[in-house]
Amino acid sequence: MSTQRHIACAHCGAVNRVPAERLGDDPSCGRCGSAILTGEPVELTDANFDAVVGQTELPVLVDFWASWCGPCRMMAPAFAQAARQLKGRALLVKVDTDANPALAQRFAIRSIPTLVRLDAGRERSRQAGAQAAGAIVAMAS
Ligand SMILES: [Zn+2]
């Protein structure tokens with residue numbers, strides 16, 4: 001018997017069961033067919049954040065950012081690189097704080113970029129300011 005992990009689809013919200021040893025094999029959503037755990041950051045919103053983050057049994061790292069924020073844009077390639085390195089092991093999420101004020105308020109985001117590590121929807125740690133890819137990987141591992 002292999003262990004299964006629940007992974008929520010960021011596209012349609014369906015909760016998929018993926019065998020733990022297949023998490024890195026480009027699993028796709030059983031409902032909508034979208035790739036889940038692609039190794040790329042997923043954009044979440046006030047509307048779907050809880051459904052995806054709360055139903056995904058992997059460490060989640062959220063990048064709270066905004067398009068006008070220079071350090072946020074500087075960190076984006078490092079965040080994407082960390083997502084590739086953590087493919088199948090963690091879910092990396094981007095939340096645009098301008099477009100999603102409810103999440104920014106709930107997490108009390110005072111400066112951006114801020115990275116928040118969540119396990120089963122609960123905050124475990126956070127870091128304000130742009131981080132290098134290695135530090136991002138370490139935070140999500
Ligand atoms: Zn789906």
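Ligands are counted one by one from 1 in listed order, and the atoms in each one are counted from 1 as well.
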Answer whether the closest heavy-atom distance between the side chains of L91 and V52 falls below 4.5 Å. yes
Work out the angle at the Zn ion (ligand 1) between SG of C9 and SG of C29, rounded to 10°. 110°
Give a yes or no on whether H11 keeps an N, O or S atom under 2.8 Å from the Zn ion (ligand 1). no
A side-chain contact here means heavy atoms from C-beta on lying under 4.5 Å apart; do E43 and N100 qualify? no
Which value, rounded to the nearest 0.5 Å, describes the distance between D63 atom CG and M75 atom CE? 3.5 Å
Kindly say whether M139 contributes a backbone atom to a donor-acceptor pair with the side chain of R117 at under 3.5 angstrom? yes
Angular separation of C32 SG and C12 SG about the Zn ion (ligand 1), given to 10°: 110°
